[in-house]
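Remarks on the structure that follows.
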There are 2 protein chains.
Amino acid sequence: MSTRGLRERVRDELIGEIKDAARRQLAERGAAGLSVRAVTRELGMASSAVYRYFPSRDALLTALIVDAYEGVGEAARRAESKIARERHLDRWLTVFRAVREWARSHPHEYALIYGSPVPGYAAPDDTAAPASDVALLLAEIALDAAAGNGRTDGSLPAESGGVSDALAADIEALKSTFPSVAPPDLAEALARTPTSAILHVIDAWTMLFGAVSFELFGHYRRVIDARGDNLERLARKAAAPLGLH
Amino acid sequence: MSTRGLRERVRDELIGEIKDAARRQLAERGAAGLSVRAVTRELGMASSAVYRYFPSRDALLTALIVDAYEGVGEAARRAESKIARERHLDRWLTVFRAVREWARSHPHEYALIYGSPVPGYAAPDDTAAPASDVALLLAEIALDAAAGNGRTDGSLPAESGGVSDALAADIEALKSTFPSVAPPDLAEALARTPTSAILHVIDAWTMLFGAVSFELFGHYRRVIDARGDNLERLARKAAAPLGLH
DNA sequence: CTAATTCGAGAGCAGTGCTCTTGACAAATG
DNA sequence: CATTTGTCAAGAGCACTGCTCTCGAATTAG
């Protein structure tokens, strides 16, 4: 029993070491420059040994993708948790800032998840939850703010018009997927949230990563230098339609 | 004279054939799978011959990047030019739609310019103009709309607050770069445009490519299916602060 | 017509992902 | 305790990559 557990533990440890070395390589040379041979050289093992643990180079990259999603999500959540709960706008802005900071300090890992998709990478189901983490965090803050603003039902303001039937149906369908990626109370509250408010959160999520990607991928070069200031301004703009000021 | 011109013409033609073959490869296997040997196989020449025309594989990719920038820009401009000039919102929405359509029909070329940057690629100066083409088109439409709305000075409404000094200074600096990327009359009109309006255009530009990237890179999977409808809604949202309805 | 330049082809180098075989070691079974 | 079974790392090897160099052939310039 314990012997078998030990064997598995050694295996898990080695998998961890491989991933760590691969992450170092990734940070230095980028995804295209990640070589399993270089990884094994760093670890002092034969290149073929890696294939006992990862079926292919792409599989190793996929493992790093999952970790990276958890990395951004945790960074955002950790920063946001330090802000007083009733300071809703501060919490919202903190999420934007934390994502940007994580991206700037892990540029290649960020590019791995929000840049061009890896060819052989078909998003596994266990990626769904961590990938939507930041969006859910934004939704949670928006809900808290609505509740704090005296709306006893805790719901966000509804708007009419501008939303096609197909899009409205999509959001209805989305609501039914929340229980599998969010805690029950949040999922339930979101199910009661108007479609327009959920769309505003999706917009904010899109704007956040759109702006961070533009910054990291060089599209703001010779356009905007004060990119932190710009993101904060954008965050406020995205928050306004949700009643967050 | 004519002989030398002929020689150069042959050279330019071959460069074109290499790029075409490379583009085909790019469309099939993506940027990571682009191989100069495969390109030369398709053209029936030796792999080493390519290096007479492109110093490296990355240089070949860079050439494709420049072409791709021109491709989106032209697609947007061509679609927008077919809309009656006074239908400002239609022109605006058409730009959004055209960029999305181009991206969906050239996914790998889109990923090349708006996805993770190519490692050995340092944006050359001749990329600056085509890269900002879509943003300038959006700005032009916003200006036309403001002029059509009876503002005789053709300027967009100014807003106060929310813009840091550093960011405002960036936009002032940006205004001085317009003459080198935009036609004189547009550059002049933009120089007279309030900072807040220019920021709204930059936001729209960010939102457009943020949403298209999210769609193409799979982040809207299991979130939104009616992505065309969603982009149109986002386009209207981005247009509103510019007085475009 | 000759000299200089340009060009394509081929060989070759160092590197890659990945497969297969071989032999050592540990775990479970008799 | 001895034997079988399964796991593992290592090494050789294949097909491929980007890229360099050399060597003739073709073309241009003087």
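Remember, predicted model here, so these are calculated numbers, not experimental data. Proteins get letters first, then strands, A, B, ... in listed order; numbering begins at 1 in each.
Across all strands, B:L34 comes closer than 4.0 Å only to sugar-phosphate atoms, never to a base (heavy-atom distances). Residue contacts for A:S56: at a heavy-atom cut-off of 4.0 Å it reaches the sugar-phosphate backbone alone, with no base atom in range. No contact: B:L43 has no heavy atom under 4.0 Å from any strand.
The distance from atom CD of A:E13 to atom C1' of D:dC8 is 16 Å, rounded to the nearest whole Å. Between A:D58 atom CG and C:dG17 atom P the separation is 10 Å, expressed in whole Å. In this structure, CG of A:D12 is placed 11 Å from P of D:dC8, rounded to the nearest angstrom. The nearest whole Å value for the distance from the CD1 atom in B:I18 to the C1' atom in C:dG8 is 11 Å. For the pair B:R11 CZ and C:dG8 P, the interatomic distance rounds to 8 Å; values are reported in whole Å. Note: CG (B:L14) to P (C:dG8) measures 6 Å, nearest angstrom. Atom C1' of nucleotide D:dC16 and atom CZ of B:R29 are separated by 12 Å, given to the nearest angstrom. Separating the OH atom of A:Y53 from the P atom of C:dC18 is a distance of 17 Å, rounded to the nearest angstrom.
Comparing A:R52 and A:R37 by the nucleotide of DNA chain D that holds the closest heavy atom to each, the one mapping nearer the 5' end is A:R52. Along DNA chain C, the nucleotide nearest to B:M45 and the one nearest to A:V36 differ in position, and the one closer to the 5' end is contacted by B:M45.
The listed nucleotides are D:dA9, C:dA9, C:dT16; the one nearest the side chain of A:R41 is C:dT16. The side chain of B:R57 has D:dC19 as its nearest neighbour among D:dC19, C:dT16, D:dC8. Among the nucleotides C:dC7, C:dA9, D:dA9, the one closest to any side-chain atom of B:A46 is C:dA9. Comparing atom distances between the A:S35 side chain and each of D:dT17, C:dC18, C:dT16 picks out C:dT16 as nearest.
Using a 4.0 Å cut-off between charged side-chain N and carboxylate O, A:R77 and A:E140 make a salt bridge.
The base of C:dA9 is paired with the side chain of B:S48 by a donor and an acceptor separated by under 3.5 Å.
In this structure a side-chain-to-backbone donor-acceptor pair under 3.5 Å is present from B:S164 to B:L167. Counting only distance, with no hydrogens or angles, the side chain of B:D170 and the backbone of A:D225 share a donor-acceptor pair below 3.5 Å.
Using cut-offs of 30° and 60° for the angle between ring planes, the B:H106 and B:W102 rings count as parallel.
Residues A:F209 and B:H219 place their aromatic rings such that the two centres sit no closer than 6.0 Å.
Between A:Y51 and D:dC8 there is no side-chain polar atom (N or O) within less than 4.0 angstrom of OP1 or OP2.
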